[in-house]
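This report concerns only the one structure given below.
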Number of protein chains: 2
Amino acid sequence: MATKTAASGIKARDGRSTREAILEAASRLIHVHGYNHTSLDDVLRESGVGKGNFYYHFKSKEELGYAILDQAIASFLAETLEPCFSDPGRRPLAQIRCFFDRVHEIQREQNCVGGCAFGNLAAELSDVHEGFRTRLAVVFSAWHERLTQALHEAHRRGDLHDGCRPEAVAHFLVASLEGAILLTKLTKDISVMEQCVTEMNRYLSLYELGA
Amino acid sequence: MATKTAASGIKARDGRSTREAILEAASRLIHVHGYNHTSLDDVLRESGVGKGNFYYHFKSKEELGYAILDQAIASFLAETLEPCFSDPGRRPLAQIRCFFDRVHEIQREQNCVGGCAFGNLAAELSDVHEGFRTRLAVVFSAWHERLTQALHEAHRRGDLHDGCRPEAVAHFLVASLEGAILLTKLTKDISVMEQCVTEMNRYLSLYELGA
DNA sequence: AGGTATGTACCGACTGGTTGGTACAAATGG
DNA sequence: CCATTTGTACCAACCAGTCGGTACATACCT
């Protein structure tokens with residue numbers, strides 16, 4: 001018996017999955033309760049990992065925060081942003097509208113709870129923790145850049161009015177989406193999100209040529 | 001000497017001003033550090049008030065939070081919102097644009113630090129503290145209502161396109177402003193706010209008649 | 001093969017400091 | 001003199017982080 005490893009009892013953790021269990025529990029808790037208000041003990045209880053073990057895998061709570069953030073950034077870029085903007089079947093402006101819908105859908109899926117993890121952390125930490133502020137600025141900058149790129153591409157194709165300033169429009173779109181998510185989370189009313197997406201589409205049509 | 005009262009030494013507090021000193025220090029600290037991450041001891045140190053004294057004036061930290069929020073709501077409505085929207089020298093849409101400028105100015109004044117106190121608290125607490133969520137919903141609802149009212153008034157005057165749905169537009173404007181403030185606070189770049197205000201004005205002009 | 005050393009993964013008790021909140025006596029003032 | 005107002009000492013719970021120790025697989029030495 002017991003051929004080789006402990007062969008998966010009720011826990012079955014090896015180095016790799018322990019780190020992932022911590023990451024999973026922590027990002028879930030921090031998304032809802034914030035960074036400061038999520039204690040290590042909460043994370044440990046939720047993930048079933050002991051304290052000494054935690055400090056074997058992470059050197060501090062701050063480093064855990066960075067790890068979660070880096071993971072969330074990668075997953076946002078790869079699983080939410082890119083799928084919309086690399087769809088070759090849509091023209092750039094349609095890609096942007098598709099992204100609005102995706103954000104709307106996510107808020108509906110999570111029942112208006114949690115909001116945007118990046119927006120929450122930005123509100124909580126940008127003024128008190130420069131390390132987090134910088135990392136958060138990176139996500140928003142990547143997001144902004146993807147929108148700017150799509151707008152430039154639309155202009156190149158002749159879909160966009162000349163009066164459109166892509167960088168300003170992109171900033172406004174990011175801001176509007178973040179604000180809409182926040183307002184939806186506060187009111188717990190998904191129709192707020194719907195209305196905002198409708199108005200964002202109208203705003204975009206302001207610059208659109210040959211619809 | 002010492003005629004009657006302590007005659008204003010370095011402290012000079014009576015019942016009224018102690019409460020106000022606590023309120024002032026707490027709202028300043030909470031605006032930047034958030035509710036959970038501002039400790040009573042911080043507030044006490046900053047205001048020079050003793051602990052027993054604090055608990056004479058407030059029955060808990062939670063009640064202090066409510067008091068601060070109520071005070072901030074009243075001051076926002078009276079000193080920021082109303083002045084813009086009760087100006088009889090401007091037409092409703094101009095009042096709205098004036099409000100955009102006011103928000104922009106405030107962010108510039110506070111050097112992109114602090115963001116919106118209500119937005120910050122909404123992000124921090126809407127999912128974990130129903131009491132705060134409800135109170136915060138009240139401010140945003142009042143704000144939303146004031147915008148809706150101005151839009152209806154504009155429509156009555158014939159300044160507004162028929163296709164404009166005031167409630168949806170108002171939600172979008174609130175969301176955009178909140179998002180713009182958040183993004184400005186994160187990037188620490190006031191030009192983000194400028195760009196957003198410019199685009200909001202363009203958006204508004206979508207519905208405007210006879211400019 | 002058998003003993004020893006090494007690196008990885010893990011645990012739970014403990015520490016020093018902070019938290020929100022209480023007890024209570026002293027001062028203040030009409 | 002009695003209400004209000006205040007300062008100080010204190011508490012239990014909680015916080016991030018440390019410590020000593022265990023379990024076990026692999027590598028190394030003779």
Side-chain angles (χ1 to χ4, degrees), chain A residues 1-26 29-30 33-68 124-125 128-129 131-132, chain B residues 1-26 29-30 33-68 124-125 128-129 131-132:
Chain A
M1 302 306 114
T3 45
K4 212 178 187 165
T5 62
S8 72
I10 214 144
K11 280 198 173 182
R13 282 206 313 272
D14 53 72
R16 183 111 218 102
S17 73
T18 293
R19 203 186 144 90
E20 273 158 21
I22 294 170
L23 246 25
E24 187 277 327
L29 289 172
I30 290 180
H33 297 101
Y35 175 77
N36 283 315
H37 206 53
T38 299
S39 76
L40 240 25
D41 285 346
D42 291 338
V43 174
L44 267 22
R45 205 176 308 117
E46 199 79 3
S47 61
V49 173
K51 197 147 231 190
N53 196 5
F54 172 86
Y55 278 98
Y56 173 76
H57 289 281
F58 298 92
K59 78 178 234 293
S60 64
K61 185 188 178 184
E62 192 181 13
E63 205 202 49
L64 168 66
Y66 287 152
I68 288 168
E124 183 185 355
L125 301 170
V128 288
H129 199 303
F132 279 110
Chain B
M1 299 304 115
T3 45
K4 210 175 190 175
T5 61
S8 70
I10 216 141
K11 280 196 174 184
R13 284 204 314 271
D14 52 72
R16 183 110 217 103
S17 73
T18 294
R19 202 187 144 92
E20 273 158 20
I22 295 170
L23 246 26
E24 186 277 329
L29 289 172
I30 289 181
H33 297 100
Y35 174 77
N36 282 315
H37 206 54
T38 300
S39 75
L40 241 23
D41 283 349
D42 291 338
V43 173
L44 267 21
R45 206 175 308 117
E46 198 79 1
S47 61
V49 173
K51 201 150 226 197
N53 198 1
F54 172 87
Y55 278 97
Y56 173 76
H57 290 281
F58 298 91
K59 80 179 232 295
S60 66
K61 185 190 178 185
E62 193 180 13
E63 204 202 50
L64 168 67
Y66 287 150
I68 288 168
E124 183 185 357
L125 301 171
V128 286
H129 199 304
F132 278 110

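Proteins get letters first, then strands, A, B, ... in listed order; numbering begins at 1 in each.
What separates CD of B:Glu62 from P of C:dT19 is a distance of 18 Å, to the nearest Å. Atom CZ of A:Arg45 is separated from atom P of D:dA16 by 11 Å (rounded to the nearest Å). Here D:dA9 presents its C1' atom at 15 Å from OH of B:Tyr55, a figure rounded to the nearest Å. B:Phe54 places its CZ atom 19 Å from the P atom of D:dT4, with the value rounded to the nearest Å. Taking atom CG on A:Asp42 and atom P on D:dA13, their separation rounds to 17 Å, with Å as the unit. With rounding to whole Å, B:Leu40 atom CG is found 19 Å from D:dA12 atom P. The interatomic distance linking B:Lys59 (NZ) with D:dT5 (P) rounds to 19 Å, in whole Å. The distance from atom CG of B:Asp41 to atom C1' of D:dC10 is 13 Å, rounded to the nearest whole Å.
You'll find that the side chain of A:Asn53 is closest to C:dA9, out of C:dT19, C:dA9, D:dA16. Comparing D:dT6, C:dC10, C:dG20 by their closest approach to the side chain of B:Ser39 singles out C:dG20. Residue A:Lys61 places its side chain closer to D:dA16 than to any other of C:dA9, D:dA16, D:dT5. For A:Tyr56, counting side-chain heavy atoms from C-beta on, the closest listed nucleotide (C:dT19, C:dA9, D:dT6) is C:dA9.
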### Step-by-step side-chain contact (heavy atoms from CB on, under 4.5 Å) determination, B:Thr18 to B:Tyr56
CA-CA 10 Å; B:Thr18 294; B:Tyr56 173 76; over 6 Å; no

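The structure places CZ of B:Phe58 at 5.0 Å from CD1 of B:Ile22, a figure rounded to the nearest 0.5 Å.
Pairing partner, C:dC24: D:dG7, with both Watson-Crick or wobble hydrogen-bond distances short of 3.5 Å. The partner of C:dC10 is D:dG21, judged by Watson-Crick or G-U wobble contacts that both fall below 3.5 Å.
Nearest heavy atoms, A:Glu124 versus A:Gly34: OE1-CA, 3.4 Å. Taking every heavy atom of both residues into account, B:Leu23 and B:Ala67 meet most closely at CD1-CB, 3.9 Å.
Nearest-nucleotide assignment on DNA chain D puts the 5′-proximal partner with B:Gly52, out of B:Gly52 and A:Tyr35.
At a threshold of 4.0 angstrom between heavy atoms, the contacts of A:Lys51 include nucleobase atoms, whether or not backbone atoms are also involved.
A perpendicular orientation is assigned to the rings of A:His129 and A:Tyr66, their planes being inclined by more than 60° (bins at 30° and 60°).
Taking 4.0 angstrom as the limit, A:His57 places none of its side-chain polar atoms (N or O) nearer than this to OP1 or OP2 of C:dT8. Of the side-chain N and O atoms in A:Thr18, one or more sit less than 4.0 angstrom from OP1 or OP2 of C:dC10.
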